[in-house]
Number of protein chains: 2
Amino acid sequence: MGDGPIHAFSGIYATSQLGRIVVDTLTRVRDTTPARGRAAKRNGISDVAKAAGVSVTTVSHAMSGQGQVSAETRAKVLRVAAELSYAPNRIASALRRQRSGIIGFVSDEIATTPFAGRLVLGAQSAAAQRGMLLMVVNSNRDVLVERDQIEALLAHQVDAVIYAKMYHQQIELPALLHQIPTVLVNAFDPAVAAPAVVPDEEAIAEAAVELLIRDGHRSIAHLTVAEDTPAMRGRLAGYRRAIQRAGIGIDERLIVRASVERGAAATGIARVAFASFLERGARPTAVFCFNDQLAMGVYQAAALFDLRIPRDLSVVGVDNLELIADNLAPGLTTVALPHYEMGRWAVDAATMMLERSDAMPGEPGPTRMASHIIERESVAQPVGAMHRAGGAPPI
Amino acid sequence: MGDGPIHAFSGIYATSQLGRIVVDTLTRVRDTTPARGRAAKRNGISDVAKAAGVSVTTVSHAMSGQGQVSAETRAKVLRVAAELSYAPNRIASALRRQRSGIIGFVSDEIATTPFAGRLVLGAQSAAAQRGMLLMVVNSNRDVLVERDQIEALLAHQVDAVIYAKMYHQQIELPALLHQIPTVLVNAFDPAVAAPAVVPDEEAIAEAAVELLIRDGHRSIAHLTVAEDTPAMRGRLAGYRRAIQRAGIGIDERLIVRASVERGAAATGIARVAFASFLERGARPTAVFCFNDQLAMGVYQAAALFDLRIPRDLSVVGVDNLELIADNLAPGLTTVALPHYEMGRWAVDAATMMLERSDAMPGEPGPTRMASHIIERESVAQPVGAMHRAGGAPPI
DNA sequence: TTGAAAGCGCTAACAT
DNA sequence: ATGTTAGCGCTTTCAA
C-alpha cells in the first residue's frame, strides 16, 4: 500500500470474488490524486447480492421495502450495501420502471432576478422530500432555445415539467408540453387544463393598504406601472377594494402610473412620475408602490420635496428585493412574493398528478398563493393620526 | 374523428402495425385537454425501424452517424424519424453507453445573489452546445443537505460535477466527489488536483485603479472588508501594485477596512467607516471599493460631507449588482465578475476530462479568469486634473 | 451496407 | 421468504 487512496478488503470479503468490491475499513487519508476522466465504477446490485449471499431480487426488495424479506436478511443486505456504498443506479431503475425521478424545471430567466432562485429552491426542497431531482433549464426568453431545452428534457424522460415565468402573466403553453404532466408557475393558460399557481395579486395590495390604514392613513396613493399585466390589474383592484372597505372614497388623483420598462431605469422614471405628481399639489400621507424599484424612486422624489420617510410619507413596496429594501434608509416595508412556496406547490402538484393520473391539483383556474409583508421602517402613523386609526384627514 | 387532438395516419403507415405510430398530418388544433398523469408513450427506435422498413441497427446508425449507411437509407430513416417525432431515449442510451449526458451542478447558494444565475447560465449554454444537460442542486450551505444532493447526483450517474461557491474561497472538496470528474468554480482545494477556476482578483483591482489613474487621480482610497478572504487579499494586492506601478507611493492611511458581514447591513457600516475616515481629514479624490454595497455606503457618506459624485469623489465598485449600480445616482462604475465565463469554462473543462481521461484542463493551480469594467457615471477627472493624467495632486 | 443479438443494471411477474 | 428470468430502449460488436 503506497501512495494514493488507502483501500482494504474487510474480513468477510477478503477472499471475495470481485475486484469491484472494495471497502474502506481504514480511515481514508486525504486523496490528492482523485479520479480523473471517468467516474469510478460503482458497485451494482449483483455485487451486493454476491457479497450478501442472496439473489438480486432479495437485494432489490430489501432496499426498496417492496416484497417480503425477513428482518434479518434485510438487515444483512442493508449492512452489506452500506459497506459497499451501494446505491441503486437510477438510470437502470428509470429504464425499467419507466420513471426517471426527474422533474424538468423550465424557466424563462434565471440570472437577473432573485425570483428564479427562490422558485428553484422551493421546488428543489419539495422534490428532495420525494426523492426526485430537478433538471433546471432556462431559455433566456428565447423561444427557439426553449424548444430545444424542452426537447432535451423530454429525451431525458423527465416525469413532469414545471414551467415557470418570472413575472405573472398569461401564456400559451408550448405544444411540446401537452404530452407530459406540466404545472405552470407565475403563469396561466386559459386554453389548457394544467395546474397553475400564481401570486394572489389582490391580496398583496389589500395587505399593504390595510397595514397603512391600520396606522391611521386615509390618503393613500398608489404608484403603479402603465403596462397592462395581471399583476398591475390585480394590485390596483386590491388597492381599490381595501380603500373602499375602509369606508374611504377612491380618489382617482391618487393613482399614478409610471410608464416604465422592466429593469433598472424604473427608479428614475418613478422619481420623475411621483415628483410631478406631488408638484401638482397632491399630498398623500402614504404610497403603496407596485414594486420596490418604484418605491426606491419615491424615496428619491420625497427627498426632492423635503419629505421625510416615514414621518411625512409612509411607503410600501412589493417584491422584497433585499438589495433594495435593506439598503434604503429607512428600510423599506414591502410585500414578499411567494416564490419559494409556489416552487414547492408546483412540485407537489406535479407529483400528485404522477401518483394519480386522474388528479387535477388546485382550483379550477390558477391557484392563488398568499404573500407576506416584511416590515421594516418605512411606515409610520401620519402626523396627526396619533394612536388611533382614522385620525384627522390630512391636507 | 371527434374532439380532442386531431390525429391521422399518413398514407404510408395507413396499414401500419403499431398503435403507437401516430402522425400529425393535419394542422394540430389547440388541445384543451392535454395529457395528465402520465407522459404520452413516445415512439421508440423500433417504431422507426418498422415504419422505415429497416432494422433498429440501421436506425441507430443513421441517427448517430456512426456506422455505414447509404445516403438514401439514411435520408429515409431521418424523414420517418422526424415524422414520428422520434428522439432517442437518453435513459436507455445512457444505460447502454454508461454515459448519462448529465453534468451535476452543485451550488452552495442560489437564491440570494445574482451570481448563481449567471454561473448556471454560462454552464448551461456550454452544456447545451455539447448536447449535455445540467442537473442543478443547491445546498443552502448545509453540509448534510449537500451530501444528500451529491449522492442523488451520483445515483443518477452524472458524468461529471461542477462544484461552485458563490464567493471565492478555499475549500475542502467533499470526499464523495473524489470518485468522479469534478471542476471547482470560485473555489480551490490545494489538496486535490481538480481543475478550478476563480476570478483574477488582482486584475480586478488593477483594472479599477488604472481606470482612475488614467483619469488623473493620484490620491485613491481603497475601502475593503476586514474578513481575510482570497478576494480581499487579491484586490488589495492589485490595488497596491497598480498604485506603485504608476509611480505613486502607497499611503496606508488611504486603505480603510469596514468590518462587515456579508449582506445587507454592509451599506450602513460602509457609510460609517468611510465617513469617519473622511472626518479624520483624509481627502482622496477617488475610492476603489471592494464591492458595490460598500460603494453604496460611500455614496451615502459622500452625501453627508457634501461631496458630489463624481465631481468631488470618483467611485468604483465590484460585482455589477445591477439593482444597485443602475439605481444609484449617478450610475456606479463597477467591475463585473466573470461568473458566466467561469460557468462556461467549468463545463468545457469537465467535458474535456470526459473525452480524454488523462487531460487536466487549465493551469496548475486555479485558472484565473479576467473580469471587465462596466462604466457608468461615477468616475470623472479630479478637479484640477483637466485633460491629462498626473494633474496637480489634490489635498 | 445491413441485420441479429447481447447486454447495460435494475424491477417485477412469476416460480419455488 | 427467496430465486429465476424477462425485458425496459438503446448501442455495439459481430456476422452476413
Side-chain angles (χ1 to χ4, degrees), chain A residues 18 20-21 38-78 80-81 84-101 131 154-157 159, chain B residues 18 20-21 38-77 80-81 84-101 131 154-159:
Chain A
L18 291 170
R20 215 197 287 173
I21 299 187
R38 303 190 62 76
K41 185 81 180 169
R42 309 177 69 209
N43 285 315
I45 195 171
S46 64
D47 299 313
V48 178
K50 274 168 201 153
V54 297
S55 72
V56 294
T57 310
T58 303
V59 175
S60 180
H61 286 166
M63 299 287 301
S64 68
Q66 284 303 302
Q68 309 293 12
V69 192
S70 76
E72 46 189 344
T73 313
R74 187 182 149 79
K76 181 174 61 184
V77 169
L78 260 26
V80 171
L84 301 185
S85 54
Y86 167 73
N89 179 331
R90 300 282 244 122
I91 292 278
S93 162
L95 181 58
R96 173 64 231 236
R97 300 182 45 202
Q98 301 291 85
R99 279 295 219 90
S100 63
L154 294 176
H156 277 277
Q157 314 295 119
D159 294 331
Chain B
L18 291 171
R20 214 198 288 172
I21 300 186
R38 302 191 63 76
K41 188 77 180 171
R42 311 176 68 209
N43 285 317
I45 195 171
S46 64
D47 299 312
V48 178
K50 275 168 198 150
V54 296
S55 73
V56 294
T57 309
T58 302
V59 175
S60 178
H61 286 165
M63 300 287 303
S64 68
Q66 285 303 303
Q68 309 291 14
V69 192
S70 74
E72 47 188 343
T73 313
R74 187 182 148 79
K76 180 173 63 185
V77 169
V80 172
L84 301 185
S85 53
Y86 167 74
N89 179 331
R90 300 284 243 120
I91 292 277
S93 161
L95 180 59
R96 173 64 231 234
R97 301 184 41 200
Q98 301 291 85
R99 279 293 221 92
S100 63
L154 294 176
H156 278 276
Q157 313 295 118
V158 295
D159 295 331

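Order of the sequence lines fixes the chain letters, A, B, ..., with proteins taken first and strands second; residue numbering starts at 1 for each chain.
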**Asked** Hey, is the side chain of Thr73(B) poking within less than 4.0 Å of OP1 or OP2 on dT2(C), counting only N and O atoms?
**Response** yes

**Request:** Identify which nucleotide among dG9(D), dT4(D), dT11(C) has an atom closest to any side-chain atom of Ser55(A), counting heavy atoms from C-beta outward.
**Result:** dT4(D)

**Asked** Can you tell me how far the CG atom of Leu95(A) sits from the CZ atom of Arg96(B), to the nearest 0.5 Å?
**Response** 12.5 Å

**Item:** Pairs where residues 51-67 of chain B contributes a residue and the test side chain to side chain donor-acceptor pair (under 3.5 Å) is met, not counting sequence neighbours
**Value:** Ser55(B)-Thr58(B)

**Complete:** Here the gap from Gln68(A) atom CD to Thr73(A) atom OG1, rounded to the nearest 0.5 Å, amounts to 12.0 Å

**Request:** Indicate whether OP1 or OP2 belonging to dG9(C) is found under 4.0 Å from a side-chain N or O atom of Gln157(B).
**Result:** no

**Complete:** Of the listed dT1(C), dG9(D), dT2(D), the closest approach to the Lys41(B) side chain comes from dG9(D)

**Request:** To the nearest Å, give me how far apart CD1 (Ile45(A)) and P (dT5(D)) are.
**Result:** 16 Å

**Asked** At under 4.0 Å, does any side-chain N or O of Ser70(A) touch on OP1 or OP2 of dT2(D)?
**Response** yes

At a cut-off of 3.5 Å, list every protein nitrogen or oxygen paired with a nitrogen or oxygen from nucleotides 12-16 of chain C, distance to 0.1 Å.
unit_1, atom_1, unit_2, atom_2, d
dA12(C), O4', Arg96(A), NH2, 3.4
dA12(C), N6, Thr57(A), OG1, 3.3

**Item:** Side chains of Met63(A) and Leu78(A) in contact at under 4.5 Å (non-hydrogen atoms)
**Value:** yes

**Asked** Does Thr58(B) have a side-chain nitrogen or oxygen under 4.0 Å from the phosphate oxygens OP1 or OP2 of dG3(C)?
**Response** yes

**Message:** For Ser100(B) versus Ala94(B), what's the shortest heavy-atom pair and its separation?
**Reply:** CA-CB, 3.6 Å

**Request:** Rounded off to whole Å, could you give me the CD-to-P distance for the Glu72(B) and dT1(C) pair?
**Result:** 11 Å

**Request:** Specify the separation, in whole Å, of atom CZ of Arg99(A) and atom P of dG9(D).
**Result:** 16 Å

**Prompt:** Taking CZ from Arg74(B) and P from dT1(C), how many angstroms apart are they, rounded to a whole number?
**Reply:** 13 Å

**Message:** Let's see if you can work this out: which of dC10(D), dA1(D), dC10(C) has an atom nearest to the side-chain heavy atoms of Gln68(A)?
**Reply:** dA1(D)

**Prompt:** Can you check whether Gln98(B) has a side-chain N or O nearer than 4.0 Å to OP1 or OP2 of dG9(C)?
**Reply:** yes

**Prompt:** Whole Å only: how far is the CE atom of Met63(B) from the P atom of dC10(D)?
**Reply:** 9 Å

**Request:** Let me know the distance between CZ of Arg90(B) and P of dC10(D), rounded to the nearest Å.
**Result:** 12 Å

**Protein-nucleotide distance (Ile91(A), atom CD1; dG7(D), atom P), rounded to Å** = 22 Å

**Item:** Separation between CZ of Arg90(B) and CD1 of Ile91(A), rounded to the nearest 0.5 Å
**Value:** 10.0 Å

**Message:** If you compare all heavy atoms of Val56(B) against all heavy atoms of Ile45(B), which two are closest, and at what distance to 0.1 Å?
**Reply:** O-CD1, 3.6 Å

